[in-house]
Protein chains: 2
Amino acid sequence: MYKIGTLAKKSGYSPNLLRVWEKRYGFLQPGRGSGGQRLYPEEDLRLLLVIRRELEKGRSIGELALLGRAQLLLTAGAAAGSDAAWQPQPGSGEPGEYGAFVAPLVEAAAALDLTALTLGLDAAFSRLSPDVVVHRVIAPAMARIGGEWRQGRVTVAGEHLVSSLMEYRLRNLLEASGPRVGASVRQAPVICACFPGEEHRLGLLSVAYCLARQGLPVLYLGASLPFAALEVSINQAGAGSVWLSVTGPEILQSSRRQFINLISAYPAVRFVLGGQAVTAEDEQLSNKGCRVCPCPFPLPDGIVPLLG
Amino acid sequence: MYKIGTLAKKSGYSPNLLRVWEKRYGFLQPGRGSGGQRLYPEEDLRLLLVIRRELEKGRSIGELALLGRAQLLLTAGAAAGSDAAWQPQPGSGEPGEYGAFVAPLVEAAAALDLTALTLGLDAAFSRLSPDVVVHRVIAPAMARIGGEWRQGRVTVAGEHLVSSLMEYRLRNLLEASGPRVGASVRQAPVICACFPGEEHRLGLLSVAYCLARQGLPVLYLGASLPFAALEVSINQAGAGSVWLSVTGPEILQSSRRQFINLISAYPAVRFVLGGQAVTAEDEQLSNKGCRVCPCPFPLPDGIVPLLG
DNA sequence: GCTGTTTTGTCAATGTATTGTATATATTTT
DNA sequence: AAAATATATACAATACATTGACAAAACAGC
């Protein structure tokens, strides 16, 4: 049994909000202690985490209240919170104001701790806007994990665990945001894919999310798309622009020639090449009409002018 | 029940347009909440997705309004079954009673139609149990798409689009099911990962989902996990069993020797190797204590005894 | 071709509802 | 006494409802 402060910390919602939700919607009906204090069962924490997931997907709390407690617990994504409490260490020597969110994720990767990882992500999503989580928490966390991996403090397994879960959460955001391909106003869709041979999808997903948030119809095609398939896709979907992500310089180099040929064949399509492998001063590509965007996780502000 | 904003996001039509359609044509007649807000049932979302499909085919909204709601929903169901022109072909598995769900997915892959794909998956998930969807719809659909790809009727892009979305949906199921690592009762976790070099995750995800549904704590580590990292993970997580998935025979062959070494080093850990690359009569692996499971999407019935 | 009408999607103005947060005050726990 | 909690109320930002107007496109007739 949790008291309201404990539940608040574990779920990421303020005690005030928990009380208000109880009064307004009634899906939390905690028992009371001798002095009238609310005592919540473990299940309530799971319910709150489900609610967080659904809110992330864009639904409103009123809707969820209509669904009712049983259906929420049954159908939606449940994350079991265990005793691994997440403590927001304010200003614990971490650089930047979001270090308190980044550090637990890196530690969870090192310890292969799925629970801590989930709690850390929940904490970040509950206190920060999705954009900030993507660019100020997830991106630095992945960069840090990469660094720790090179130093042998995080294994490939830890990196896989984290990137897999983050991919899921980002995908969740992507599904929730904006109209999809085929929406009412026929707008040329944006194709998002990884360069042939590229398997890292996180940067691409963050770009896709930013684009979708701007109301653009995004066709997310995932990792390592061969140029032949990309070409067919452009024609088939009538794409107006194509975002490609590539992190390994050698991957870019090995298909560079073919890429330039592709650009030249479709002058009406706007190509954007992003990712760590890209250098901003790549004039050969720029001259061919391909925008380059070295930042693996472009800031929302940075994207608007690129597409304006 | 959806409020208008949620329905707008999910259907791709603006809240304004939904209200205007309701007034002009009346095929959406949502109930009202206590404050007068529109509340749409799940069926309305399906109807809107059908409407979009029809609009894209060139019909006008006025025409569709004349048809009426029931007929719209009905014709869509019929189209999913017959219009798809999916004929059972010898040697590629029996059509079974779920062909009506499989065919639209294959078609959506061929047409790069994200909307149809989402609609098809929604239809399957809303009418069938998750297990049936995984093993009777998704698995055959992927197999069929693979076949169409070899015949050039589906591009790599189509395959990517479908497998990416299915991965997300499966991941959703995995997140929703059962206790995770670190849950209250400390149980030895099951590590699920792809063989080194293997990038296909769908089969692995379906296995992970089946295991999680049985209440096992699953540590899902995704694609291509090197043996060194796997070994660290086993120790770090105290894994009781390890599921590995491998679809390409050449991938298995290239690391077979190392894998056998790994098995021998951990006699207390139960290893299971699954995927299309595995042959049931692989006695060399069986004798070393590694269970083999050739089916890429093991049926729920088939899994229970393996772990019992 | 041109013009008028219908269809169809969008937008603005105004009022209400929802929803997260904050305040004030009393009570309980530590 | 200090911190945490309970209750009630207030408030601002956002989302929603309603009405009416408006523009682009499709279509009819000339």
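Every value quoted in this text rests on a predicted model; they were computed, and no experiment measured them. Residue numbers start from 1 in every chain, and the chains themselves are labelled A, B, ... in the order their sequence lines are given, proteins ahead of strands.
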S.K.: Just distance, no hydrogens or angles: give the donor-acceptor pairs under 3.5 Å from side chains in residues 28-41 of chain A, sequence neighbours left out.
M.R.:
| from | atom 1 | to | atom 2 | distance (Å) |
| --- | --- | --- | --- | --- |
| A:Q29 | NE2 | A:G26 | O | 3.4 |
| A:R32 | NH1 | A:G36 | O | 2.9 |
| A:R38 | NE | A:E22 | OE1 | 2.7 |

S.K.: Specify the separation, in whole Å, of atom CG of A:L18 and atom C1' of D:dA6.
M.R.: 14 Å
S.K.: Compare side-chain N and O positions of A:S14 against OP1 and OP2 of C:dG20 and report whether any pair is under 4.0 Å apart.
M.R.: no
S.K.: Just to be sure I understand the rule, does A:R38 reach a base, reach only the sugar-phosphate, or reach nothing, if contact means heavy atoms closer than 4.0 Å?
M.R.: sugar-phosphate
S.K.: Could you state the CD-C1' distance from A:E63 to D:dC16, rounded to the nearest angstrom?
M.R.: 12 Å
S.K.: For DNA chain D, what residues of residues 22-31 of chain A have any heavy atom nearer than 4.0 Å?
M.R.: A:K23
S.K.: Would you call A:E63 and B:K3 a salt bridge, taking side-chain N to carboxylate O under 4.0 Å as the test?
M.R.: no
S.K.: Mapping B:G35 and A:L17 to their closest nucleotides on DNA chain C, which lands nearer the 5' end?
M.R.: B:G35
S.K.: Separation of A:I4 atom CD1 from D:dT7 atom C1', in whole Å?
M.R.: 12 Å
S.K.: Quick check: on DNA chain D, is the nucleotide nearest A:L39 upstream (toward 5') of the one nearest A:V20, or the reverse? Name the residue that is more 5'.
M.R.: A:L39
S.K.: Send over the distance from B:Y2 OH to D:dA15 C1', rounded to a whole Å.
M.R.: 19 Å
S.K.: Hey, is the side chain of B:R32 poking within less than 4.0 Å of OP1 or OP2 on C:dT16, counting only N and O atoms?
M.R.: no
S.K.: Grab the CD1-P distance between B:I61 and D:dA25 for me, whole Å please.
M.R.: 18 Å
S.K.: Taking A:R69 for the side chain and A:F27 for the main chain, is one N or O donor matched with an acceptor at less than 3.5 Å?
M.R.: yes
S.K.: Report yes or no: does A:E167 contribute a side-chain atom to a donor-acceptor pair with the main-chain N or O of A:L202 at less than 3.5 Å?
M.R.: no
S.K.: For the side chain of B:T118 and the backbone of B:L114, is there at least one donor-acceptor N/O pair under 3.5 Å apart?
M.R.: yes
S.K.: May I ask you to evaluate whether A:R59 reaches the phosphate of D:dA15, defined as a side-chain N or O under 4.0 Å from OP1 or OP2?
M.R.: no
S.K.: Answer yes or no: is there a donor N or O on one side and an acceptor on the other, between the side chain of A:Q236 and the main chain of B:A110, under 3.5 Å?
M.R.: yes
S.K.: Starting at OH of B:Y13 and ending at C1' of C:dT8, how long is that distance when rounded to a whole Å?
M.R.: 13 Å
S.K.: Below the 4.0 Å mark, does C:dT8 have OP1 or OP2 next to a side-chain nitrogen or oxygen of B:W21?
M.R.: no
S.K.: Is A:R19 near enough to D:dT5 that one of its side-chain N or O atoms lies under 4.0 angstrom from OP1 or OP2?
M.R.: no
S.K.: Strictly by modelled atom types, are A:N172 and B:Y168 linked by a side-chain donor-acceptor pair under 3.5 Å?
M.R.: yes
S.K.: Any side-chain N or O of B:S60 below 4.0 angstrom from OP1/OP2 of D:dC27?
M.R.: no
S.K.: Taking atom P of C:dT18 as reference, at what distance in whole Å does atom CG of A:L64 sit?
M.R.: 15 Å
S.K.: Take atom CG of A:N16 and atom P of D:dA8, then tell me their distance rounded to the nearest Å.
M.R.: 14 Å
